[in-house]
Amino acid sequence: MNKLFIEVYLDEDVDVLIAELIRARGFSATTTVEAEQLHHDDDAQLAYAVAHDKTFVTHNRADFEKRAEAYFAAGHVHPGIIIAVRRSPYEIAQRLLVILNNVTADEMRNQVRYI
């Protein structure tokens, strides 16, 4: 696929300020509100991220670890899942930027990372 930059899609429980902080550094970030996906279930949120080739960022560790395992077991590909511990938006953005600056989109495929 040869995609260099990760584009992120933020779950509705992730502070929208993070999207603004990421964009200020030149990266692509989409929120559920912007994508008109607010209040959709977890499967629909991940399906949206996959369909739009965006790495999914969430606080929902338990559910999305299971979904990542299910994708792997079924042989499906996803653009990556980043699970963020609840911290201030500035700290999450800072940790997210470490990944965005050091990992390509191709390297992120089928990966689950924790920040």
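Just so it is clear, the model here is predicted, and its values are computed rather than measured.
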Which residues share a side-chain hydrogen bond (donor to acceptor under 3.5 Å, both in side chains) with N110, sequence neighbours left out: none
Partners passing side-chain contact (heavy atoms from CB on, under 4.5 Å) against E107 (at least two apart in sequence or in another chain): V103, T104
Co-members of the apolar cluster containing V112 [side chain, <4.5 Å]: Y9, L46, Y48, V50, F56, F64, Y71, I81, I83, Y114
Any side-chain heavy-atom pair of H59 and V14 under 4.5 Å: yes
Main-chain N/O of G80 paired to H78 side chain as donor or acceptor, under 3.5 Å: yes
Qualifying ring-ring contact (aromatic ring centres under 6.0 Å, His included) pairs, either residue in residues 15-42, two or more places apart: none
Minimum-distance pair of heavy atoms, taken over all atoms of T55 and P79: OG1-O, 2.7 Å
Partners meeting side-chain hydrogen bond (donor to acceptor under 3.5 Å, both in side chains) with R67 (sequence neighbours left out): D43
Under 4.5 Å side-chain linkage, directly or through intermediates, the cluster mates of L38: V33
side-chain hydrogen bond (donor to acceptor under 3.5 Å, both in side chains) partners of T32, counting only residues at least two apart: none
Note, D42 side chain near N60 side chain (heavy atom, < 4.5 Å): yes
Nearest-0.5 Å distance, CD1 of residue I18 to CD1 of residue I92: 4.0 Å
Donor-acceptor under 3.5 Å (Q37 side chain, A44 main chain): no
Same apolar cluster: F5 and V57, side chain cutoff 4.5 Å: yes
Pairs flagged by salt bridge (charged side-chain N to carboxylate O under 4.0 Å, His left out) wherever residues 9-18 is involved - sequence neighbours left out: D13-R86
Rounded distance (nearest 0.5 Å) linking atom CD1 of I82 with atom CD1 of I6: 5.5 Å
Contact check, side chains of D53 and R109, non-hydrogen atoms, under 4.5 Å: yes
Sidechain-backbone polar pair: K54 side chain, S28 backbone, donor-acceptor under 3.5 Å: no
ILVMFWY clustering at 4.5 Å (side-chain atoms), partners of L21: L17, Y90
With a 3.5 Å cut-off and sequence neighbours excluded, list the donor-acceptor pairs that the side chains of residues 93-101 form with protein atoms.
{"from": "R95", "atom 1": "NE", "to": "E91", "atom 2": "OE2", "distance (Å)": "3.2"}
{"from": "R95", "atom 1": "NH2", "to": "E91", "atom 2": "OE2", "distance (Å)": "3.0"}
{"from": "N101", "atom 1": "ND2", "to": "L97", "atom 2": "O", "distance (Å)": "3.0"}

Other residues, nucleotides, ligands: >12 heavy atoms within 6.0 Å of R25 CZ: no
Salt bridge (charged side-chain N to carboxylate O under 4.0 Å, His left out) contacts touching residues 29-39 (sequence neighbours left out): R23-E34
